[in-house]
Amino acid sequence: MREDILSRLTLINEEERRILDGEHRVNKRLYSAFTKEFIVNSHRLMQEGEQIALRRHTRFADFPAHGHNYVEMTYVASGSVTHVIKHREITMRAGDVLLLNRHTQHSVRKTGENDLAVNVMLATECFHSLASALPPSSPLSSFMAENIRSNGEPEYMLFSVEGVPPLENLFENLTYALVGNDIASVDTLKATVALILRYFGELPECMISAARHRSDAELLQARIEHYLQTEFRTATLGELADKLGLSVPYLSKRVRELCGFTFSQLLQEERFNEAIRLLEETDLPVGDIIIAVGYENTSFFHNQFKERYHCSPFRWRRNRRMMQENEELGLEE
């Protein structure tokens with residue numbers, strides 16, 4: 001990296017000046033309208049209609065755990081930067097590049113004056129248009145697939161461009177576009193990032209590591225739980241096995257291993273959870289509730305309910321409402 005570019009990149013900006021002058025922390029409201037669930041919003045950092053933008057990482061303070069509604073590519077131009085992704089510390093050195101999909105939460109440790117990183121922000125549509133030409137065998141194709149899914153897995157990829165002149169030059173071009181007096185056109189930025197992604201796809205030796213946050217076992221468990229929570233009215237072990245491409249005996253065994261209960265026990269738990277919610281929050285007749293949660297045998301439901309809660313559904317609803325009325329009276333006194 002040319003010294004004049006690094007010198008410009010080192011200049012302290014307004015946000016960093018406030019941190020040094022006593023704020024000591026990143027102002028979340030600069031990045032997101034919602035500070036409780038800290039999701040960095042591209043609308044705060046990009047101009048209206050922009051799909052790609054450059055920004056230098058904020059120094060001198062820890063950057064708290066956050067997500068993004070875009071794909072982020074971080075390039076370390078000088079020094080080091082430590083990211084924490086699901087309790088895993090990833091220390092990047094000069095020349096390292098971290099690619100994060102929009103489902104990944106991470107935090108960044110406090111950096112010093114000469115720890116310089118450039119963030120490339122890519123709207124999801126822009127990233128996919130640039131990466132769509134990559135061959136299906138490329139690891140980036142899997143990354144792209146997870147990123148576009150609304151419930152995709154958090155995933156990151158770590159690369160090193162040190163000693164790879166074409167990539168070093170491309171990232172120097174991006175850095176110059178950030179600090180130079182001449183603002184690069186959107187088309188130039190897109191072309192540069194497209195070349196970077198192509199090199200990453202064609203030079204596997206550049207990749208240091210790649211990971212999804214959850215293991216295959218954790219992912220299978222999550223899919224089992226999601227299916228039961230959303231399809232409990234009609235759920236069957238056979239249907240779930242078909243959805244997952246697994247045999248019924250194997251899935252039955254894995255459900256017991258991963259969740260600690262049989263499929264039938266888990267299904268019954270979900271159905272009764274919903275029955276309790278409907279008893280408490282609605283005036284639906286008990287017979288309608290039994291059908292709504294997926295049971296046809298009313299005698300079975302009543303027997304199981306009494307075994308669980310030691311009373312009938314009618315009495316449970318009456319007792320619950322009496323308790324609520326007493327609580328409300330108590331608040332008024």
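For Ile5 against Glu172, the heavy-atom pair with the smallest separation is CD1-CG, 3.7 Å. Looking at every heavy atom in both residues, Met157 comes nearest to Leu140 through SD-CD2, 3.7 Å. Of all heavy-atom pairs between Phe232 and Val293, the closest is CD1-O, 3.9 Å. What you find for Arg44 and Ser32 is that their closest heavy atoms are NH1-O, 3.9 Å.
Put simply, the side chain of Leu116 does not reach to within 4.5 Å of the side chain of Thr111, judged on heavy atoms. Residues Asp115 and Ser78 have side chains not in contact (no heavy-atom distance under 4.5 Å, counting atoms from C-beta outward). Side-chain contact check for Glu168 versus Met1: every heavy-atom pair is 4.5 Å or farther apart. Using a 4.5 Å heavy-atom threshold, the side chains of Asp96 and Ile208 count as touching. Between Leu98 and His83 the shortest side-chain heavy-atom distance falls below 4.5 Å. Inter-residue side-chain proximity for Phe272 and Tyr309 is flagged as met; some heavy-atom pair is nearer than 4.5 Å. With contacts defined as side-chain heavy-atom distances shorter than 4.5 Å, the pair Leu158/Leu99 does not qualify. Phe263 places none of its side-chain heavy atoms less than 4.5 Å from the side chain of Ser252.
Within 6.0 Å of the CZ atom in Arg25, the count of heavy atoms belonging to other residues, nucleotides or ligands does not exceed 12. In this structure, Arg315 places its CZ atom where only 12 or fewer heavy-atom neighbours from other residues, nucleotides or ligands lie under 6.0 Å away. Heavy-atom contacts from other residues, nucleotides or ligands closer than 6.0 Å to CD of Glu205 number more than 12. Applying the 6.0 Å contact sphere to CD of Glu162 captures no more than 12 heavy atoms from other residues, nucleotides or ligands.
Taking the six-membered ring where the residue is Trp, Phe300 and Tyr295 present tilted rings, their angle falling between 30° and 60°. Under the 30°/60° scheme for interplanar angles, the aromatic rings of His302 and Phe314 are found to lie parallel.
No salt bridge links Glu281 with Arg320; every basic N to acidic carboxylate O contact stays at or beyond 4.0 Å. Salt bridge Glu15/Arg55: present, at least one basic N to carboxylate O contact under 4.0 Å. Using a 4.0 Å cut-off between charged nitrogen and carboxylate oxygen, Glu280 and Arg321 do not count as a salt-bridge pair. Note on Glu14 versus Arg17: no salt bridge recorded, every NZ/NE/NH1/NH2 to OD/OE distance being 4.0 Å or above.
The residue from Thr175, Ile196, Val161 that alone fulfils the side chain to side chain contact (heavy atoms under 4.5 Å, CB included) condition with Leu170 is Ile196.
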### Message
Let's go through Tyr70 and Gln51 carefully: what are the C-alpha distance in whole Å and the side-chain angles of both, what is the deciding distance for side chain to side chain donor-acceptor pair (under 3.5 Å) to 0.1 Å, and is it a yes or a no?
### Response
CA-CA 9 Å; Tyr70 54 88; Gln51 290 198 322; over 6 Å; no
#### Entry: salt bridge (charged side-chain N to carboxylate O under 4.0 Å, His left out) assessment of Arg233 paired with Glu270
CA-CA 9 Å; Arg233 292 175 181 82; Glu270 289 296 334; over 6 Å; no
### Task
Check the pair Thr91, Ser80 against side chain to side chain donor-acceptor pair (under 3.5 Å), reporting the backbone distance first and the verdict last.
CA-CA 7 Å; Thr91 298; Ser80 64; over 6 Å; no
### Task
Apply the test side chain to side chain donor-acceptor pair (under 3.5 Å) to residues Thr74 and Asn119: give CA-CA distance (whole Å), side-chain angles for both, the deciding distance (0.1 Å), then the verdict.
CA-CA 4 Å; Thr74 298; Asn119 294 332; 2.8 Å; yes
### Worked verdict on Leu237 versus Leu267 for side-chain contact (heavy atoms from CB on, under 4.5 Å)
CA-CA 10 Å; Leu237 185 62; Leu267 177 58; over 6 Å; no
### Task
Start with the C-alpha distance between Ser7 and Thr10, add both sets of side-chain angles, then the distance that settles side chain to side chain donor-acceptor pair (under 3.5 Å), and finish with yes or no.
CA-CA 5 Å; Ser7 179; Thr10 307; 5.8 Å; no
### Task
Walk me through it: do Val76 and His57 pass the test side-chain contact (heavy atoms from CB on, under 4.5 Å)?
CA-CA 9 Å; Val76 178; His57 174 72; over 6 Å; no
### Query
Where do Gln105 and Ile39 land on the side-chain contact (heavy atoms from CB on, under 4.5 Å) test, with the steps shown first?
CA-CA 9 Å; Gln105 294 266 342; Ile39 304 296; 3.5 Å; yes
### Task
For the pair Leu220 and Leu244, evaluate side-chain contact (heavy atoms from CB on, under 4.5 Å) and give the outcome as yes or no after the intermediate values.
CA-CA 9 Å; Leu220 176 58; Leu244 297 176; 3.6 Å; yes
### Task
Go through the steps to decide whether Glu3 and Arg8 satisfy the test salt bridge (charged side-chain N to carboxylate O under 4.0 Å, His left out), and finish with yes or no.
CA-CA 9 Å; Glu3 287 300 322; Arg8 294 187 200 180; over 6 Å; no
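Note: His103 and His68 fail the aromatic proximity criterion, with ring centroids not under 6.0 Å apart. Taking the six-membered ring for Trp, Tyr31 and Phe63 have ring centres closer than 6.0 Å. For Phe143 and Tyr156, the ring centers sit 6.0 Å or farther from each other.
When atom types are taken as modelled, the side chain of His106 and the backbone of Gly67 share no donor-acceptor pair closer than 3.5 angstrom. Side chain of Glu274 to main chain of Arg271: no donor-acceptor pair is present (N/O by atom type, distance under 3.5 Å, no hydrogens or angles). The closest donor-acceptor contact from the side chain of Asp62 to the backbone of Arg109 lies at 3.5 Å or more, if one exists at all. At distances below 3.5 Å, at least one donor-acceptor pair connects side-chain atoms of Asn169 with backbone N or O atoms of Pro165. Side chain of Glu50 to backbone of Gln47: a donor-acceptor contact under 3.5 angstrom is found. In terms of modelled atom types and a separation under 3.5 Å, the side chain of Asn69 and the main chain of Ser42 share a donor-acceptor contact. Distance alone, capped at 3.5 Å, places no donor-acceptor pair between the Asn273 side chain and the Ile276 backbone. The main-chain N or O of Cys206 is never found under 3.5 Å from a side-chain atom of Tyr199 such that the two would form a donor-acceptor pair. Checked by atom type and distance alone, the side chain of Gln265 pairs as donor or acceptor with a backbone atom of Thr262 at under 3.5 Å. A donor-acceptor distance shorter than 3.5 angstrom exists from the side chain of Ser129 to the backbone of Cys126, with no hydrogens or angles considered.
Atom CG in Leu178 sits 13.0 Å away from atom CG in Asn173 (nearest 0.5 Å). We find the OG1-NZ distance between Thr82 and Lys110 to be 13.5 Å, quoted to the nearest 0.5 Å. Rounding to the nearest 0.5 Å gives a distance of 8.5 Å between CG of Asn319 and OG of Ser312. Between the CG atom in Leu45 and the CG atom in Asn41 there is a gap of 8.0 Å [rounded to 0.5 Å]. Distance CG/Asn114 to CG/Leu6: 9.0 Å, rounded to 0.5 Å. A distance of 5.0 Å separates CD of Gln304 from CD of Glu307, quoted to the nearest 0.5 Å.
A cation-pi contact, defined as under 6.0 Å to the ring centre and within 45° of the axis, is absent between Arg256 and Phe261.
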